[in-house]
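Written below as structure tokens is the structure these notes are about.
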Amino acid sequence: MNPMPESLESRYDHKATEEKIYRLWEKSGYFNPDNLPFVRHTSSVKSHDAKAKSFCIIMPPPNANGALHIGHAVGVTLQDIMVRFNRMRGKKTLWLPGADHAGFETQVVFDKKLDKEGRNRFVMDREELWKEIWDFTQKNKEIMYGQLKKLGASCDWSREKFTLDPDIVKTVYDTFEKLYEDGLVYRDLRVINWCPKHRTALSDLEVKYVEREDPLYYIKYGPLTLATVRPETKFGDTALAVNPKDKRYTRYVGKEIEAKGVLGTLKFKVVADEAVDPKFGTGVVKVTPAHDPADFEIWQRHKNEIPGPKIVIDESGRLTGDVGEFKGLKVAEAREKVAAKMKEIGILEKIDEHYTHQVATCYKCGNILEPLPKPQWFIRMTAKPQPKTSNIQHLTSNKSLRDMAVEAVRKGKIKFIPKRIEKVYFHWLKNIRDWNISRQIVWGIRIPAYFCLGCGEPKINPEVKARWFLVRHGETDWNKEGRLIGNSDIPLNDMGRSQARATAKKLKLHNIDLIISSPLARCRETAEIIRDVTGAELIFEDRLIERNHGKTEGMLRKDAEKEFGNLYTYEPRIPGSEGYRDVELRAWEAFTHHKNDHHHKNVVFVTHGGVVRTLLKKLRNWEVERMFQNPSVKNSEVFEFDVLKKQCTKCGGDLFEQDPDVFDTWFSSAQWPFATLMISRGSKSKIKSQKLKSDFEEFYPTDVMETGYDILFFWVARMVMMGLYRTGKIPFKTVYLNGLVRDKDREKMSKSKGNVIDPLGVAEIYGTDAVRMALVVGNAPGNDIVISEDKIRGYRNFATKLWNIARFVVSHKSATSYQQPAASKNKEDRENLAELKKIKAKITRHVERFEFHLAAETIYHYIWHTFADKIIERYKPRLRGESFAFGAAMRPSGHGAPRSGASEGASPARLLAGQSSGSQGQKILTDRAAAYHTLETIFAESLKMLHPFMPFVTEEIFQKLFPGELLVTEKW
RNA sequence: GCGCGUUUAGCUCAGUGGCAGAGCGCUCCGUUCACAUCGGAGAGGUGGCAGGUUCGAUCCCUGCAACGCGCACCA
């Protein structure tokens, strides 16, 4: 027998309740599918048993770079509805939570933070910056998880994953390696989308085209005239092109024409290419392969005829190279000045001032993107795998990634809700191009590509045996003053010591075993600081001392230069000095000697600027000129090399340098469904011996992927590709796409517009349940969601209504346990229970069909306008024992009495003495019990049906009504 | 240019081949024992426009318009 229910407070206090209830759920452990109990059958209302035994949703990991917004709340609510519903139906239900490091997005957020602090990542040390962002995301992650709990997310926290967890990173590396082995990933020089502000490449998806009106310049090129909006790229022109069918220009094709240019006379060859539209402009285009993707392709088609990319714009969007007086100007300034100059020298024929076109901009900062030629890693979307090794057994499919993704949906293995999204999906895949996955930022998963120092051959995901570092000593006073220091024993100054400490701290992350240092004071001190911080062994090596400057030692560099000319020569020039050749000889001898002895250790060489230079030359196989062109080594600067277990297959070298770039976050996100589930939980032998299924076997393919339609291409399509590629199976069976949340004026919410609704803020005011309900009702799949505080308030009122219904029901509760009552013979009871059954079937159907908005509205209406307004009102007389006095509902038969007699002490205060004796009194009593039980059954079922939508208030009431029971695992 | 979506009450949105729905807002009435964070009653829609299919269309088809979105592009 359960204890008597507590009476309810007069008001529902969501603040006190929500936290308490979430703790109760967590304590039960039922969010972890491994702990789920056998489902009890407590209801007289039948529901069909679920056929499938498990149910799994992988939560789209929110970005760990800020608080959750209302869009997250939509997703969390919809997923939680599905998860709670399926759990209540007895399925082994897993909802796996996580967080995304969100490479570029987080980098941008962090850049802004740095900017506010007057800092800038481009001058920061990689490791230092990484550590800071790591701390930043970890902090955000914890806040975010707290927010998910506040939203009632019933996910399994024991399986929580972060996209930078080592096991996830390993999976991502393995995928990259497999792609490489299958010939589906390659590194190539292409003209890519470059954001000059963020200084990184972007994928095609991250480009936002905006319409702009710009002048269209008609420029005379010798006998021809062409139109361009970018006269400033003229310096990078390497040819002219016309359409092969354009008769006007046939006679020029293959010929070289001479043209007057801003910087003098130019000669260009004219090529014929289909890409040129004869109807646009004059039908002649200039070919600028370095700064226009289309021109780059024209060049590739005419490689033998015309010169390749000639770079005239740099990474910050300024003119560079052979551009005369325009050097250093930003693109926009240069455009005007070049145009003015053209006009001046009479080659500007005319200007169409109102030419509208689409301009590629950065989707984050809105700056105009600069097409630049850069070698990047690309994934082939439309090519079949071509394994590098002859062993093709490991191939999961012989189809291109694109074709796999198309087929899975075409064959109906993956269903989209709403269905119309399929068309968009197919259309995108049809036109897809190779995916640039390199990003020139620090925050992310660093690409596991190592380039052989000897020959440049890449090695993917190799085993690293040891890391070797070249470090220049910290600053000395002579450095500061600009004096040449060779073998003089000048100590570090304060700055030098602090530089050395910073470097030491960084090196500590790499578990240094050995420090090999030049014995000169400035190196010795630096090395000792590194030793003290890292605890590594320190030895000295005479062959690492600085170049002997001979007569110039101790002189100010400018004075020395004045007197002796160029100081930086391969052969000795200054009396008594060494040339770089001499330094190179002895330094390389020392390096190889120690490498033989210590190749398995992590080693730091502490040495001098000149020595580092010569070592870099040898290591990187530079020509002599390249060594001198390269900027000089800064005090305490570090160069890292990796010693790989296996030698380079091409040249036999074992020293490599890792690609500094990181992956596009979506590359790792694309692997999220299987990466999170492939992680071994407990020992494999345990799983094997107990014949337990691993998470991957149990839950993959997952059931539903619920996310916003705005990341259909970014994420969903790529998950399908990567899932199929790695596992041979689809990652999920159904994709449910929700809309974007808009404000009352249908504006997209954004921080900059200031129209954001903070879901946690309004939850604090109106309760989480009200927010969830407001986000679900009227929210058809794929349609944008309009939310207002009024609507939330409306559902807060509903929670209050529910609470008051509970107060009424509980106040009539007898000392009965919650058991299945015998069927009431009372017509009214039977009719109401029959209607309840219908409503339940309807709601079940709606939820199964992902029509959550309809399910929510149905239960809302049933509870308020049927149960509360009609049923309760009609039952009031019976509950008061008045029904017989009016000869109402119940037939004069006692058979309908529920098994669990509800007589003694039932609703004590309301039992009037006169009615509790005699046969008439008995009938009244049994009718009251039947009425109550019907009411309680309907209410309990209503609570269940509402629970996925409004979990907190329903659980709280359930606790009061049936102390000791848990609604969260009640049988649906 | 190609494609997609939307157009229903004052506002924001659901839904259905057969008397048109919700929330909020509005009007009137009501604080008696679940509930004023409420209850009761009510006003309010030629369902964008024009055709077609049908016994019957808000729903299906065609065209148009307005708004929104996605994709692709030529300098």
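What you see is a predicted model; the values in this text were computed from it and never measured.
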Which base, if any, makes a Watson-Crick or G-U wobble pair with B/A72, both distances under 3.5 Å?
-> none
Does A/Arg433 make a side-chain N or O approach to OP1 or OP2 of B/C71 shorter than 4.0 Å?
-> no
Gap between atoms CD1 and P, on A/Ile792 and B/U37 respectively (whole Å) | 19 Å
Base of B/A34 paired with side chain of A/Glu873 (donor-acceptor, under 3.5 Å) | yes
With distance as the sole criterion, is a donor-acceptor pair present between the side chains of A/Thr288 and A/Asp237 under 3.5 Å?
-> yes
Quick one: label A/Tyr875 by what it contacts on the DNA or RNA (base, sugar-phosphate, nothing), any heavy atom closer than 4.0 Å.
-> nothing
Paired with B/A36 by Watson-Crick or G-U wobble geometry, both distances under 3.5 Å: which nucleotide is it?
-> none
Of the listed B/U37, B/C74, B/A22, the closest approach to the A/Ala294 side chain comes from B/C74
Between the base of B/A34 and the side chain of A/Lys876, is there any donor-acceptor pair under 3.5 Å?
-> yes
Can you tell me, in whole Å, how much space there is between the P of B/G68 and that of B/A36?
-> 46 Å
Taking the side chain of A/His427 as heavy atoms from C-beta outward, which of B/G70, B/A72, B/C35 is closest to it?
-> B/G70
For B/G39, does OP1 or OP2 lie under 4.0 Å from any side-chain N or O of A/Lys801?
-> yes
To the nearest Å, how far apart are A/Phe416 CZ and B/C4 P?
-> 17 Å
Any ion pair linking A/Glu370 and A/Arg230 (charged N to carboxylate O, less than 4.0 Å)?
-> yes
Is there a donor in the side chain of A/Asp246 and an acceptor in the side chain of A/Tyr252, or the other way round, less than 3.5 Å apart?
-> no
Tell me, please, whether A/Phe808 has A/Lys876 positioned over its six-membered ring: NZ or CZ under 6.0 Å from the ring centre and within 45 degrees of its axis?
-> yes
Side chain of A/Arg807: nearest nucleotide among B/G23, B/C35, B/C71?
-> B/C35
Among B/G23, B/C73, B/G15, which is the nearest nucleotide to the side chain of A/Tyr209?
-> B/C73
Determine the Euclidean distance between corresponding C1' atoms of B/G51 and B/A65; express it in Å to zero decimal places.
-> 15 Å
What nucleic acid atoms does A/Val809 come within less than 4.0 Å of, heavy atoms only: base, sugar-phosphate, or nothing?
-> nothing
Base paired to B/G56 (Watson-Crick or G-U; both N/O distances under 3.5 angstrom) | none
Has the side chain of A/Asp784 got a donor or acceptor atom that lies under 3.5 Å from a matching backbone atom of A/Leu740?
-> yes
When rounded to the nearest Å, what value does the distance between P atoms of B/A43 and B/A22 take?
-> 13 Å
Are A/His853 and B/G15 close enough that a side-chain N or O sits under 4.0 Å from OP1 or OP2?
-> yes
Base B/U37 to side chain A/Arg11, donor-acceptor N/O within 3.5 Å cut-off | yes
Taking only N and O in the side chain of A/Trp864, is any of them less than 4.0 Å away from OP1 or OP2 of B/G39?
-> yes
So does A/Asn779 get a side-chain nitrogen or oxygen closer than 4.0 Å to the phosphate oxygens (OP1/OP2) of B/C13?
-> no
Under a 3.5 Å cut-off for both distances, is B/G21 Watson-Crick or wobble paired, and to whom?
-> B/C13
Rounded to whole angstroms, how far apart are CE on A/Met773 and P on B/C24?
-> 12 Å
dist A/Lys840:NZ -> A/Thr858:OG1 (nearest 0.5 Å) comes out at 14.5 Å
Separation between the P atoms of B/G1 and B/C61, rounded to whole Å = 25 Å
Go ahead and name the base partner of B/C67; Watson-Crick or wobble counts if both distances stay under 3.5 Å, otherwise write none.
-> B/G5
Compare the minimum distances between each of B/G23, B/A34, B/C71 and the side chain of A/Asn431, then state the nucleotide with the smallest one.
-> B/C71
Watson-Crick or G-U counterpart of B/C26, or none if no pair lies under 3.5 Å = B/G42
Span that lies between the C1' atom of B/C74 and that of B/C67, in whole angstrom | 29 Å
Can you measure from CZ (A/Phe952) to OH (A/Tyr12) and round to the nearest 0.5 angstrom?
-> 7.5 Å
Listed nucleotide nearest any side-chain atom of A/Asp277, set B/A14, B/C74, B/G39 = B/C74
Atom pair distance, as rounded to whole Å: CG in A/Asp784 and P in B/U7 = 13 Å
Check every strand shown and say whether A/Arg796 touches a base, only sugar-phosphate, or nothing at a heavy-atom separation below 4.0 Å.
-> base
Do you know which of A/Thr233, A/Asp292, A/Thr238, A/Ile219 makes side chain to side chain contact (heavy atoms under 4.5 Å, CB included) with A/Lys286?
-> A/Thr233
With nearest nucleotides of RNA chain B determined for A/Asp292 and A/Val424 from heavy-atom distances, which residue corresponds to the more 5′ nucleotide?
-> A/Val424
Could you give the NE2-to-C1' distance, from A/His865 to B/A22, as a whole number of Å?
-> 8 Å
Rounding to the closest angstrom, what is the interatomic distance between B/C11 and B/U16 at atom C1'?
-> 23 Å
Given A/Lys245, A/Arg248, A/Lys247, the one that forms side chain to side chain contact (heavy atoms under 4.5 Å, CB included) with A/Pro278 = A/Arg248
Touch check for A/Asp869, heavy atoms < 4.0 angstrom, all strands: base, sugar-phosphate only, or nothing?
-> sugar-phosphate
Rounded to whole angstroms, how far apart are CZ on A/Phe850 and P on B/G15?
-> 16 Å
Inter-nucleotide C1' distance (B/U58, B/G15), Å rounded = 10 Å
Side chain of A/Gln358 only, please: which of B/C24, B/A22, B/A72 is the nearest?
-> B/A72
What is the distance, rounded to the nearest whole Å, between atom CZ of A/Arg420 and atom P of B/U6?
-> 6 Å
When A/Tyr12 and A/Val285 are each assigned the nearest nucleotide of RNA chain B, the 5'-most assignment goes to A/Tyr12
Compare the minimum distances between each of B/G15, B/U37, B/A34 and the side chain of A/Asn797, then state the nucleotide with the smallest one.
-> B/U37
Separation of B/G23 C1' from A/Glu857 CD (nearest whole Å) | 9 Å
Between the CG atom in A/Leu224 and the CD1 atom in A/Ile257, the distance rounded to the nearest 0.5 Å is 4.5 Å
To the side chain of A/Thr800, which of B/A34, B/U37, B/A14 is closest?
-> B/U37
With heavy atoms under 4.0 Å as the rule, sort A/Leu712 into base, sugar-phosphate or nothing.
-> nothing
Looking for any heavy atom pair under 4.0 Å, which part of the strands does A/Ala868 touch: base, sugar-phosphate only, or nothing?
-> base
B/C49 to B/U7 separation - P atoms, rounded to the nearest Å | 13 Å
